[in-house]
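A short worksheet on the structure shown next.
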Amino acid sequence: MYEKVERIAEGQTRMEGKLDRVLADQVEQREATADHERRLRALEARVWMAMGAAVVLGAGSGAGLAQIMGRRSSSVVTAGMAGMVT
């Protein structure tokens, strides 16, 4: 009977050790998941900033190009009209 109790106690000790390892792994997994979440959020923020910068640069370039093209076309029109008058 004593040997049975001893084996049960040893088995319980082994199970406690395994449970401690599982709980420690779970804590590590939570920390790793939280770290991945932080890194993903930071990356997403950078992507949104890059997209905003691209929109601003694209709009500025488009406006600048339109202004340049507008000057050219108005000077061509003016030159054409000057040829008609003379």
Side-chain angles (χ1 to χ4, degrees):
M1 178 77 164
Y2 179 75
E3 290 175 9
K4 253 186 183 179
V5 171
E6 209 171 273
R7 279 193 314 240
I8 291 171
E10 288 173 4
Q12 185 177 3
T13 302
R14 283 193 309 270
M15 282 192 287
E16 286 174 351
K18 289 178 182 180
L19 182 59
D20 288 340
R21 283 191 298 263
V22 167
L23 292 174
D25 288 345
Q26 188 178 21
V27 168
E28 287 177 20
Q29 187 65 35
R30 279 190 201 147
E31 291 170 355
T33 301
D35 180 53
H36 287 293
E37 286 290 326
R38 281 191 296 273
R39 290 168 44 193
L40 272 173
R41 298 297 170 245
L43 180 61
E44 287 173 347
R46 286 188 214 126
V47 167
W48 280 107
M49 277 196 257
M51 287 188 338
V55 167
V56 168
L57 289 173
S61 298
L65 187 59
Q67 193 173 23
I68 290 170
M69 296 302 284
R71 285 185 189 161
R72 260 193 208 159
S73 63
S74 66
S75 62
V76 168
V77 170
T78 306
M81 292 177 92
M84 291 177 150
V85 174
T86 54

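All heavy atoms count here, side chains included; hydrogens, waters and symmetry mates do not. For the single chain, residues carry numbers from 1 onward in sequence order.
Counting non-hydrogen atoms of neighbouring residues, nucleotides and ligands closer than 6.0 angstrom, the CD atom of E6 exceeds 12 such neighbours.
Looking at T33 and H36, their side chains never come closer than 4.5 Å, going by heavy atoms from C-beta outward. At least one side-chain heavy atom of E44 sits under 4.5 Å from a side-chain heavy atom of R41.
Considering CG of D35 and CG of L40, their distance stands at 10.0 Å, rounded to 0.5 Å. We find the NZ-CE distance between K18 and M15 to be 8.5 Å, quoted to the nearest 0.5 Å.
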